[in-house]
Amino acid sequence: MGSPHSAPRQRWVMAAQYPEAAAALAREARLPTVMAELLLARGVSSAVEAYAFLNPELAHLHDPFQMLGMSAAVERVERAIATREPVLLYGDYDVDGTTAVVLLKTAIELLGGVVRFHVPHRLREGYGMQSRVLEEAHADGVRLVITVDTGVRAFAEAEKARRLGLDLIITDHHLLEPGDAVPLALAILNPNQPGCAYPEKSLCGAAIALKLAQALLERRNPVRTREKLLPSFLKMAAIATIADAVPLRGENRTIAALGLRELRRPVGAGLRALFAAAALDPAAKEITGFDVAFRLAPRINAAGRMEVASEVIELFSTREPARAAELAAKLERLNRERRDVEAAALSAIEARLASDGELAADRLLVLDGAGWHRGVIGILASRVVERTAKPAIVVGVENGLAHGSGRSVDGFALLAAIEGCADLFTRFGGHAFAVGFAMPAAALPELKRRLRLYAEKHLAARQPERILRIHAELALDRITPVLAGWLRKLEPLGHGNPEPVFVGRQVRLLAPPRIMKDCHVRLELARSPQSLAVAGSSASIGAVGWGLAGRAAELALQAGSIVDLAYRIRENPNPDFGGLEVEIADLQIADPATTNLKISDPEAANAAPSTS
């Protein structure tokens, strides 16, 4: 994206290494040293902690009554269940919000309660509670409203609920700044609120809904809840935890790991239909965090992005396979529409950056387009950041109104940037890495002018660059099936628990690069710098670099080239040529000054890389 001259470079950043602590943990926990290094980087420093991290179990879930407000919330919901008083669940339109509704709806109905729900329409209502919905609920006999994944900033709506005589329970995970006030409500369940001693502060919205469901169910039947109900509820919570990109450590890791285990045995008609639509067969292949993040979550999100998210709740609530298949097919269609809309807008963005050198040179990119769908502008902003390594704001303009969504890069607080433009917005919000706003379209030129000045001041000394975080050094001859088995125990991978990227130094190419489909490259590498390996032997290992054909040409790679290699370990399941291989994250010609090879094969010695 953009001109070749503006292509961001990739800088390798090596994680801090603690060799003595790693050696001690490896001995104490009986782990490979590289596993000890990876665990230390995740805050695991003892054998007990290592065992718990690598072997999540139900007992690792915290007592829900440790959460401030839980007792009051449970007592009020129990009273509503006992009197068959209708309860309104007020959700959100993304994966986190819809699955949270499913969790609480299922729990309350299992206990004999009556549940209604409202999920706002992204385009017509926008995010958060609306007073109109509260008024309609009150007129319909509702006296208890529970928010899920929303509400912690809804001061006016909380006051409206109080005036109407509605009891309000807010369950929300969004962060609060020190000293922030919270709305007046019967109970607030948010581990980030002042005075809350709950140990896990980074739960997603659906996980907080899970804790309320857990508390309700365990009060009624603790044995059945632990043995049967809670494992089943973890499926929805795991989908949300992975999709919402909360750190996969602590209780989040337990929820994600155990929930994935349950997803491998789908029972409900909705889950089975969604799996079929996403071409996932848990009987043939275990469901992974990758499957959830990139195959299930986009289909669930498509409903809220393109149409109405309430059908997600129906999908996961219905017991009719035919209706579930119909709803899953609709989600599949909406997801295809979302991809088409996104691709068209992204193509327009790429063309604009390629043709407008002044725009492409901006340090903070603001891109607007007539009719760009509000459901995809956040995704588009992320795509622009991925391609340019610059903060980016994408704005859709329609009927004189502009709706924007922005994403940032490490070290640049995007919310601070737009706060200086507050007078231009009808509403705005967000945090350091993501923002959203609405404004009159006529004010866009002034917004661009102010943000350009802000970026020139705060990003002047910074060149766009991608950061490749390398977690440990690992020679290729240390890649074994046993190590691969250990690495699998780190799953599920994601935010806060990234897939390990290793670096191999002084790696020798045994054959010329093989280009695949004009853009990918396959290499044959010597496992050890000192070996006399030949391609295809047990002393060699295959490597694939997706989209790295250009990089291989730039480095003039050939048989005998010596490179430093950033890579991930892969297990190729192909029965003919499968086995362990490496996926290249990046590579560079090794520094000749540090080359310390002892090669006695004259042909290998004569195959040194060109220095041109």
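These values consider heavy atoms only, across backbone and side chains, with no hydrogens, waters or symmetry-generated copies.
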V246 and side chain to side chain contact (heavy atoms under 4.5 Å, CB included): which single residue from T241, I255, D96, L203 fits?
T241
Under the 3.5 angstrom rule, does the side chain of K390 hit a backbone N or O of A360 as a donor-acceptor pair?
yes
How far apart are the C-alpha atoms of D244 and D94, what are their side-chain angles, what is the distance that settles it, and do they pass the side chain to side chain contact (heavy atoms under 4.5 Å, CB included) test?
CA-CA 9 Å; D244 217 49; D94 64 0; 4.2 Å; yes
Just by distance, do the side chain of T426 and the backbone of A438 share a donor-acceptor pair under 3.5 Å?
yes
Can you tell me how far the CD atom of E342 sits from the CZ atom of R383, to the nearest 0.5 Å?
4.5 Å
Please determine whether a side-chain nitrogen of the Lys or Arg among E337 and R333 lies less than 4.0 Å from a carboxylate oxygen of the Asp or Glu.
yes
Euclidean distance, C204 SG relative to D149 CG, rounded to 0.5 Å
7.5 Å
Rounded to the nearest 0.5 Å, how far does CD of E311 lie from CZ of R323?
6.5 Å
For the side chain of N497 and the backbone of L490, is there at least one donor-acceptor N/O pair under 3.5 Å apart?
yes
So that I can tick it off, tell me whether E581 and R522 are bridged by a salt bridge, with the cut-off set at under 4.0 angstrom between side-chain N and carboxylate O.
yes
Side chain to side chain contact (heavy atoms under 4.5 Å, CB included) assessment of M439 paired with V395:
CA-CA 10 Å; M439 63 187 298; V395 184; 5.8 Å; no
Taking atom CD as the centre, does E286 end up with more than 12 heavy-atom neighbours from other residues, nucleotides or ligands that are less than 6.0 angstrom away?
no
So, E251 versus Y198: side-chain donor-acceptor pair below 3.5 Å or not?
yes
Is a side-chain donor or acceptor of Q193 paired with a backbone partner of I188 at a separation under 3.5 angstrom?
yes
Among all residues two or more places apart in sequence or in another chain, which pass the salt bridge (charged side-chain N to carboxylate O under 4.0 Å, His left out) test with R570?
E499, E583
N252 side chain to S202 backbone, donor-acceptor under 3.5 Å:
yes
Trace of the side chain to side chain contact (heavy atoms under 4.5 Å, CB included) decision for I349 with L365:
CA-CA 11 Å; I349 288 171; L365 299 171; over 6 Å; no
Salt bridge K330-E326, side-chain N to carboxylate O under 4.0 Å:
no
Determine whether a donor-acceptor pair (N or O, by modelled atom type, separation under 3.5 Å) exists between the side chain of R299 and the backbone of R295.
yes
Is a side-chain donor or acceptor of N399 paired with a backbone partner of L401 at a separation under 3.5 angstrom?
no
Considering only NZ, NE, NH1 and NH2 on the basic side and carboxylate oxygens on the acidic side, decide whether D423 and R450 come within less than 4.0 Å.
yes
Heavy atoms from other residues, nucleotides or ligands near CG of D518 exceed 12 (cutoff 6.0 Å):
no
Can you tell me how far the CG atom of L548 sits from the CD1 atom of I515, to the nearest 0.5 Å?
10.0 Å
Among all residues two or more places apart in sequence or in another chain, which pass the side-chain hydrogen bond (donor to acceptor under 3.5 Å, both in side chains) test with R272?
none
Assess whether a salt bridge exists between D362 and K448, defined as any Lys/Arg side-chain N lying under 4.0 Å from an Asp/Glu carboxylate O.
no
Across all chains, not counting sequence neighbours, the ring pair (Phe, Tyr, Trp, His ring centres under 6.0 Å) partners of F233 are none
Is it the case that the side chain of R42 and the backbone of P498 share a donor-acceptor pair, with hydrogens and angles ignored and the cut-off at 3.5 Å?
yes
Nearest 0.5 Å please: distance from the CG atom of L380 over to the CH2 atom of W372.
7.0 Å
Checking D172 now: which residues fulfil side-chain hydrogen bond (donor to acceptor under 3.5 Å, both in side chains) with it, not counting sequence neighbours?
H174
Working note: L296 + L280, criterion side chain to side chain contact (heavy atoms under 4.5 Å, CB included); need CA distance, chi angles, decisive distance, verdict.
CA-CA 9 Å; L296 297 182; L280 290 173; 3.7 Å; yes
Sub-3.5 Å donor-acceptor pair from the side chain of R352 to the main-chain atoms of D368, do we have one?
yes
List for me each residue that meets side-chain hydrogen bond (donor to acceptor under 3.5 Å, both in side chains) alongside R264, sequence neighbours excluded, and say none if there are none.
none
Under 3.5 Å, is there a donor-acceptor pair linking the side chains of H173 and N192?
no
N-O pairing of E491 and R488 below 4.0 Å
no
Using modelled atom types only, decide if a donor and an acceptor are shared between the side chain of T98 and the backbone of Y93 within a distance under 3.5 Å.
no
Scan residues 323-369 for pairs that pass ring-ring contact (aromatic ring centres under 6.0 Å, His included), counting only residues two or more places apart or in two chains.
none
